[in-house]
K.L.:
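Take this structure first; my questions come after.
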Amino acid sequence: MNSENVMGLIFILLAIWQFNAFGKAFKEFRKHANRSTTVFSIYGFWSGLLYALIFLGFGIALMFNELTALLSGL
């Protein structure tokens, strides 16, 4: 197992953790939100989901060596 595969696995594990954190936080937000809740908290949730998708993309790309081939061509 080379270093790209290890980094890919780490990114995939980070993505799983981030998806889990997003799901838990969103459920709590829906349960406890009221009129005094700021609208900026929604942006925080969606940015967390975006980071999870980015981590997942990097992890999959590193596992299949797509990212290294792309970066070496630059």
Side-chain angles (χ1 to χ4, degrees):
M1 189 173 232
N2 58 11
S3 63
E4 288 93 9
N5 289 343
V6 172
M7 287 301 295
L9 182 63
I10 290 171
F11 272 113
I12 289 174
L13 290 174
L14 277 173
I16 291 170
W17 177 77
Q18 187 66 30
F19 278 124
N20 188 26
F22 168 77
K24 285 181 181 179
F26 192 71
K27 285 179 188 175
E28 287 296 316
F29 176 76
R30 286 182 49 151
K31 184 190 251 183
H32 299 291
N34 55 21
R35 296 196 80 166
S36 65
T37 304
T38 181
V39 295
F40 294 111
S41 59
I42 299 294
Y43 296 126
F45 293 127
W46 290 115
S47 67
L49 183 63
L50 180 66
Y51 278 118
L53 292 172
I54 290 171
F55 288 155
L56 185 64
F58 274 135
I60 290 171
L62 283 170
M63 290 295 281
F64 292 112
N65 291 326
E66 295 291 328
L67 186 62
T68 54
L70 176 70
L71 293 177
S72 67
L74 294 178

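Just so it is clear, the model here is predicted, and its values are computed rather than measured. These numbers come from the heavy atoms of this one structure, side chains and all, not from hydrogens, waters or symmetry mates.
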K.L.:
Which value, rounded to the nearest 0.5 Å, describes the distance between L50 atom CG and F55 atom CZ?
P.N.:
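If I round to the nearest 0.5 Å, the distance is 10.0 Å.
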K.L.:
What closest approach, in Å, do L9 and M63 show between heavy atoms, and which atom pair accounts for it?
P.N.:
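In this case the closest contact between L9 and M63 is N-SD, 3.7 Å.
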K.L.:
Can you tell me how far CD1 of I10 sits from CG of N5, rounded to the nearest 0.5 angstrom?
P.N.:
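N5 CG to I10 CD1: 11.0 Å, rounded to 0.5 Å.
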K.L.:
What are the two closest heavy atoms between Q18 and A52, and how far apart are they?
P.N.:
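Closest heavy-atom pair between Q18 and A52: CG-CB, 3.5 Å.
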K.L.:
Are M7 and W17 connected in a single hydrophobic cluster, I mean Ile/Leu/Val/Met/Phe/Trp/Tyr linked by side-chain heavy atoms less than 4.5 Å apart?
P.N.:
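Different clusters.
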K.L.:
Which residues pass the ring-ring contact (aromatic ring centres under 6.0 Å, His included) test with W46, not counting sequence neighbours?
P.N.:
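Once residues adjacent in sequence are excluded, the partners of W46 under the ring-ring contact (aromatic ring centres under 6.0 Å, His included) criterion are F22.
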K.L.:
Which of these, F11, Y51, F19, sits in a side-chain contact (heavy atoms from CB on, under 4.5 Å) with L56?
P.N.:
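Answer to the side-chain contact (heavy atoms from CB on, under 4.5 Å) test with L56 among F11, Y51, F19: F19.
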K.L.:
Find the distance between CG (N20) and CD1 (I16) and round it off to the nearest 0.5 Å.
P.N.:
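The CD1 atom of I16 is 9.5 Å from CG of N20, to the nearest 0.5 Å.
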